2 protein chains.
Amino acid sequence: MSDDGDVPAQDIAARAGWLYYVGGLRQDQIAEELGISRQRAQRMVARAVAEGLVRVRIDHPIAECLELERALRQKFGLSRARVAPRLGPGQEALRAIASFAAPELERVFRDQTPKLIALGTGRTLRAVIEQMPTIAASQHKMVSLIGNVSPDGSASFYEVIMRIADKTGAPHYPMSVPVMARDAEEFATYRALPHVQSSRALAAQADITIVGIGQMADDAPLFMDGFITEAELRAVQKAGAAGEICGHIFDADGQYIDHPVNAFMVGSRVPVNDNPVLCIGGGVSKIKPLRAALRGRLIDGLITDEITAAELISR
Amino acid sequence: MSDDGDVPAQDIAARAGWLYYVGGLRQDQIAEELGISRQRAQRMVARAVAEGLVRVRIDHPIAECLELERALRQKFGLSRARVAPRLGPGQEALRAIASFAAPELERVFRDQTPKLIALGTGRTLRAVIEQMPTIAASQHKMVSLIGNVSPDGSASFYEVIMRIADKTGAPHYPMSVPVMARDAEEFATYRALPHVQSSRALAAQADITIVGIGQMADDAPLFMDGFITEAELRAVQKAGAAGEICGHIFDADGQYIDHPVNAFMVGSRVPVNDNPVLCIGGGVSKIKPLRAALRGRLIDGLITDEITAAELISR
DNA sequence: TCACAATATGGGCATATGCTCATGCTGGGG
DNA sequence: CCCCAGCATGAGCATATGCCCATATTGTGA
């Protein structure tokens, strides 16, 4: 996915990016240096950016964001809060969060002392992983909190643990089983599977748990991705669904709702054993679920964006 | 030094840099977003770069550099070698090395397990530190290998340990004594000082030792900075001086030369107790000293640039 | 309070950059 | 062996960027 393409060309791209961003050369200088046309130099620089070879980080604590972090910690009793500066009105919050959270996650993996890291799934986590560089971190172990098979039998597209394993080389324990069972019997079967039991047991000992969060409006990812039917969605909405973490649906108070669809998720509910849970997510659609999760103390760490943070604080 | 200036303006600069490099907005969009003129937006972006708020890293192992690293390790029995891509003919090797070495050094400090880090001094190390972000790393301790007082009594300008302490908050033990004594008596006095003894004892236990390297041509830094006289320089040159590490001068075989100026350096000689020594340096002037240090196995790790590496390999 | 110095600001322009398009090249299938 | 598809290349152009300069603003000392 990220390692396809022409390797020597990528080499040139990396070099062009280095010369442009680190060296501060102009594109015609790069062209001369690398013995290519000015045109190609520009394409190579663009490619380096597009392929994520160029990693930009802003090394300055912007006052407003710091203040929001402090306020989040205080208001919701979080042990950890990070706030990404906003990227302008037209921009997805996801972009800001991904670029911002990646170095945070990187820090976790850079730690030399072996850690057991439990992971959720979803678009947000995927986007964050995408922004992470390749780092050797085989001292850590990773376990998935949630199954990796879609209702249609295909591999869940927003699987995270395999991707991060590609980047870190850490031993990993995906939960190779459907995300949810269709009935009580299937549920019992899945839960009884040895590798499911061991995954869940492992997750219960995690040093850190990292999850995304989903909304439960009419375009809830749980519904859009086919995990629950429209009827089920309506039903849980009626039951007060405000959001979900790892597919487990909770109400506005952060209490997991008592409903069949919520009973058949094979994966674990956070927090597991009071292990610290770090949630990554932001954007208008996630405000409601976040507020609920925070109220119910489902999470004790949050990485979000400035606008979402301000919203969470204000009301 | 790096934390002076108008703070709210720096805030805007950081935000502008974020929007420009991470958000990919154009300067007029940034201007609108931040409610400033297009002009000011451009100045703020430039400032963010100038003040080092924007940190760019190229996340791709360029094949030639990897190959040079492998070759260096093999040819000189190094345990660690990193090669920075060249920045074009007109550019200082220092720029390339500093940008490249900073993340490497950052890794050392990110490590959670407490380490004792022994540090040399010099322009190169200073430049590397300058490129490092601020990171809390109070778990580590740092000790200086070399005195911090110039012959004229002023603080040595290329002191490193204080700078890095500013960035990491790590407890540090500078060697508060002149770099070198003028005679045997002074030397004995300095060496006998309790804090010098304890610094040297600490350095002897370092988990990692990080040093620069100096050349001994007519513009040797040891001479330019007034540590040795022109007559002394001539003398050691005649005695075969090929380079110096922490002021200790060695010949082309990496053997410390037997000469009075070399006897009065208060600091330690590497390697101390066979502790691993990482040397950072490159550029044409450093090829001779590096070749000597490598031949004498004074160092067992090297961070340099592509051109220097190629030169070291070729002959 | 005024005058002056230092710095910040925006207009205007030279140019570096990015994009589009027409053309060339390479590689696979008929 | 030829033809076509797909991608890479360089020319040309629209524009985003960076820089210089004249003016405004802020801060400072008499």
Side-chain angles (χ1 to χ4, degrees), chain A residues 1-58 60 62-63 85-91 95 99, chain B residues 1-58 60 62-63 85-91 95 99:
Chain A
M1 168 141 285
S2 64
D3 50 307
D4 59 358
D6 198 13
V7 178
Q10 211 184 39
D11 240 63
I12 296 174
R15 227 174 243 283
W18 169 262
L19 293 170
Y20 191 72
Y21 287 105
V22 179
L25 305 205
R26 268 175 298 119
Q27 297 185 348
D28 47 6
Q29 297 178 292
I30 295 170
E32 192 180 4
E33 172 68 19
L34 299 182
I36 57 180
S37 71
R38 207 275 300 173
Q39 212 48 274
R40 192 157 146 78
Q42 122 74 340
R43 282 192 180 99
M44 288 300 108
V45 172
R47 177 171 177 170
V49 175
E51 295 193 6
L53 305 180
V54 177
R55 214 130 247 152
V56 181
R57 197 160 44 124
I58 302 296
H60 181 75
I62 296 174
R86 67 178 185 281
L87 272 185
Q91 306 284 318
R95 300 250 329 279
S99 296
Chain B
M1 170 138 288
S2 63
D3 50 306
D4 60 358
D6 197 13
V7 178
Q10 209 184 41
D11 240 63
I12 297 174
R15 226 177 245 282
W18 169 261
L19 292 170
Y20 191 73
Y21 288 105
V22 180
L25 305 206
R26 269 173 298 119
Q27 297 186 346
D28 46 7
Q29 298 178 290
I30 295 170
E32 192 180 4
E33 173 70 19
L34 299 183
I36 58 181
S37 70
R38 206 275 298 170
Q39 239 49 315
R40 192 157 144 77
Q42 121 75 345
R43 282 192 182 101
M44 289 299 107
V45 173
R47 177 171 176 168
V49 175
E51 295 193 8
L53 304 180
V54 176
R55 213 129 248 153
V56 183
R57 198 159 42 124
I58 302 297
H60 181 76
I62 296 174
R86 66 178 186 279
L87 272 186
Q91 308 282 319
R95 301 248 330 278
S99 295

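Proteins get letters first, then strands, A, B, ... in listed order; numbering begins at 1 in each. Quick caveat: nothing in here was measured; it's all calculated off a predicted structure. For the numbers below, each heavy atom of this structure counts, side chains included, while hydrogens, waters and symmetry mates do not.
- Between A:Ala46 and A:Arg26, the residue anchored closer to the 5' end of DNA chain C is A:Arg26, taking for each the nucleotide with the nearest heavy atom.
- Where DNA chain C meets chain A (any atom under 4.0 Å from a heavy atom), the bounding nucleotides read 5' to 3' are C:dA16 to C:dT20.
- B:Arg95 places a side-chain N or O within donor-acceptor distance of the main-chain N or O of A:Gly23, the cut-off being under 3.5 Å.
- Between the CG atom of B:Leu19 and the P atom of D:dT17 there is a distance of 13 Å, given to the nearest Å.
- With hydrogens and angles ignored, the 3.5 Å screen pairs no side-chain donor or acceptor of B:Trp18 with any backbone N or O of A:Ile58.
- Each of B:Asp28 and A:Met44 lies near DNA chain D, and the nucleotide nearest A:Met44 is the one positioned closer to the 5' end.
- A heavy-atom distance below 4.5 Å is found between the side chains of B:Arg40 and B:Ile12.
- What separates CZ of B:Arg40 from C1' of D:dC19 is a distance of 17 Å, to the nearest Å.
- Using a 4.0 Å heavy-atom cutoff across all strands shown, B:Gln27 reaches sugar-phosphate atoms only and no base atom.
- Atom CZ of A:Arg47 and atom P of D:dC7 are 12 Å apart (whole Å).
- A:Gln42 places its CD atom 13 Å from the P atom of D:dT9, with the value rounded to the nearest Å.
- Atom OH in B:Tyr20 sits 5.0 Å away from atom CD in B:Gln27 (nearest 0.5 Å).
- A salt bridge links B:Glu33 with A:Arg86: at least one charged nitrogen is closer than 4.0 Å to a carboxylate oxygen.
- Taking side-chain N and O atoms only, A:Ser37 has no distance below 4.0 Å to OP1 or OP2 of D:dT9.
- Rounded to an integer number of Å, the gap from B:Gln39 CD to D:dT23 P is 16 Å.
- With hydrogens and angles left out, the side chain of A:Arg43 and the base of D:dG10 share a donor-acceptor pair within 3.5 Å.
- Between A:Tyr21 and B:Val54 the shortest side-chain heavy-atom distance does not fall below 4.5 Å.
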